There are 2 protein chains.
Amino acid sequence: MKFNTKTRYGLRTMLELANNVGNDEVIFQKDIAENQAVSVKYLDQIIAALKKAGLVVNVGGKKSGYKLNKPPEDISVYDIYTAFEDDLAIIDCLLHGGHCPKGSKCSLKGYWLGLNQVIRSNMEGTNLRDLLQKQL
Amino acid sequence: MKFNTKTRYGLRTMLELANNVGNDEVIFQKDIAENQAVSVKYLDQIIAALKKAGLVVNVGGKKSGYKLNKPPEDISVYDIYTAFEDDLAIIDCLLHGGHCPKGSKCSLKGYWLGLNQVIRSNMEGTNLRDLLQKQL
DNA sequence: ATTTATCCTACTAAAATGGTAGGATAAGTA
DNA sequence: TACTTATCCTACCATTTTAGTAGGATAAAT
C-alpha cells in the first residue's frame, strides 16, 4: 500500500506551479527538477503525463514555461493521481471487468469498496488551494 | 495503490474462521485452501503469518484444526493487515526513520499523513464482527 | 547558425509480488 | 510398530512493477 514516486513528484510539481499562480514568471522543467531534487529526464516524463491529462500547459512554446491549466481550487489530488494511474482500485476486482475467483459469494467486496471510496473521496475533496493554505 | 494477495486471502481466512466461532468443528488448512481457491502451500504461509501475529491458534496439534485466538469483535482489519505488512505508510517518509530529500520543507507531508490516518482509522475501526454482519 | 528547452520512445537494474518446491516434524491410524 | 497425513519451516523462482537512465528529434529564441 504505497503511492508511487510519480504521483508524489507530480503532486509536488503541481503545488509548485500553484504557488506561482498570479506571477507571470515562467517555470522551466529544469528549475522544477532542481527544486524537487529529481533528474530533468525523469521530471520530463512526469510533466508529460500532467500535460496529457490537461492539468498543465506550456505557454509560448520552447524557451518558455509551464503553468496550471485551471485555477488551483479546480484541481484535486485525485485529478493528479489519475494523470499517472487508472482509477483508484485498492484490490483488482473493484475495477471494471475485474473479478475474483469467489465471484458473487465474496462477502468482503463490500468492505473493500467502502474503503476504496473513503480514500477516493479524501483525494477528490482536497484541491491545490487547500494544500497551499496548509503550508502557510 | 493495491493491497496484496496475502492480506486479502488472510482476511478471507479470518472471516471463515470467524464464521465458525461457536461451532466446535475443526477447520483444516486444507479445507480453507479449497474454499478460498488457493494452493495449500500458499495458504500455509498465510496461516503461519496469522499465527505468528497471535490471531489464530492451532488446537490439538496435528490432525486438528484452527480457530481464532480472540473474539471476532477484538480483531480488526488493521490487525490482520499488520500480520503481513509493517504499519501502514502510504509514502515512505511517514515511517519511523524515513525521510524525503525535501526534509522539513516538504509541505505535503501533512496531507499524506492525514490520508494515511484516514485509511488506518477505517481499518482499525472495522472488526470481524462487523464484517460478519455485513455479509448477512 | 547555434543553443537549449521541450518532446518522445526505448531500455534497464533492482525490488516487490505471487507464488512453487522440498522436506522435517509430529500426531493419529492401521 | 509402521504408515499416513497435516502442520511447520525455509529456500527458491518467474513475472511484474518501480524508478529511473539514455538517446535523440524538434522547434523556438538568440
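Numbers restart at 1 for each chain; the letters A, B, ... are given by sequence-line order, proteins then strands. Here the structure is a predicted model, which means the values were calculated and not measured.
We find that CE of B:Met1 is positioned 16 Å from C1' of D:dT17, with the value rounded to whole Å. In this structure, A:Arg8 atom CZ and D:dA19 atom P are separated by 7 Å, rounded to whole Å. As a whole-Å value, the separation of A:Arg12 CZ from D:dA19 C1' is 14 Å. The CD1 atom of B:Ile27 sits 11 Å away from the P atom of D:dT7 (whole-angstrom rounding). Going from atom OH of A:Tyr9 over to atom P of D:dT18 covers 14 Å, rounded to whole Å. Across the protein-nucleic acid pair, B:Phe3 atom CZ and C:dG18 atom P stand 13 Å apart, rounded to whole Å. B:Lys2 has its NZ atom 13 Å from the P atom of C:dT17, to the nearest Å. Between B:Asp92 atom CG and D:dG20 atom P the separation is 11 Å, expressed in whole Å.
Comparing D:dT7, C:dT6, D:dA19 by their nearest atom to the side chain of A:Asn4 picks out D:dA19. When each of C:dA5, D:dA19, D:dA6 is scored by its nearest atom to the side-chain atoms of B:Phe28, the top-ranked nucleotide is D:dA6. Side-chain proximity of B:Lys30 to C:dT6, D:dA6, C:dG19: nearest is D:dA6.
Listed by chain and residue number, nothing satisfies the salt bridge (charged side-chain N to carboxylate O under 4.0 Å, His left out) test with B:Glu85 (two or more places apart in sequence, or in another chain). In this structure A:Thr126 satisfies the side chain to side chain contact (heavy atoms under 4.5 Å, CB included) test together with A:Val77, A:Asn122, A:Asp130, A:Leu131, B:Tyr111, sequence neighbours excluded. Taking A:Asp31 as the reference, A:Phe28 meet the side chain to side chain contact (heavy atoms under 4.5 Å, CB included) condition, with sequence neighbours excluded. For the salt bridge (charged side-chain N to carboxylate O under 4.0 Å, His left out) test, residues two or more places apart in sequence or in another chain that qualify with A:Arg120 are A:Asp87, A:Glu124. In this view, B:Ala89 and A:Lys2, B:Leu94, B:Leu95 satisfy the side chain to side chain contact (heavy atoms under 4.5 Å, CB included) rule, not counting sequence neighbours. For A:Glu34, there are no side chain to side chain contact (heavy atoms under 4.5 Å, CB included) partners at least two apart in sequence or on another chain.
Between the CZ atom of B:Arg12 and the CD1 atom of B:Ile46 there is a distance of 9.0 Å, given to the nearest 0.5 Å.
Contact annotation: A:Ser39 reaches the phosphate of D:dT21 (side-chain N/O to OP1 or OP2, under 4.0 Å). In this model, the phosphate group of C:dT6 is approached by a side-chain N or O of A:Gln29 to a distance below 4.0 Å at OP1 or OP2.
With A:Leu128 as the partner, the side-chain contact (heavy atoms from CB on, under 4.5 Å) test is satisfied by one option alone out of A:Leu68, A:Val21, A:Leu17, A:Asp74: A:Leu68.
In this structure, B:Val118 shares a hydrophobic cluster with A:Val118, the cluster being traced through Ile, Leu, Val, Met, Phe, Trp and Tyr side chains under 4.5 angstrom apart.
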Can you check nucleotides 11-15 of chain C for protein contacts, nitrogen or oxygen pairs under 3.5 Å, and list what you find?
none

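Taking a 4.0 Å limit (strictly below) on heavy-atom distances, residues 40-53 of chain A reaches DNA chain D at A:Lys41, A:Tyr42, A:Gln45.
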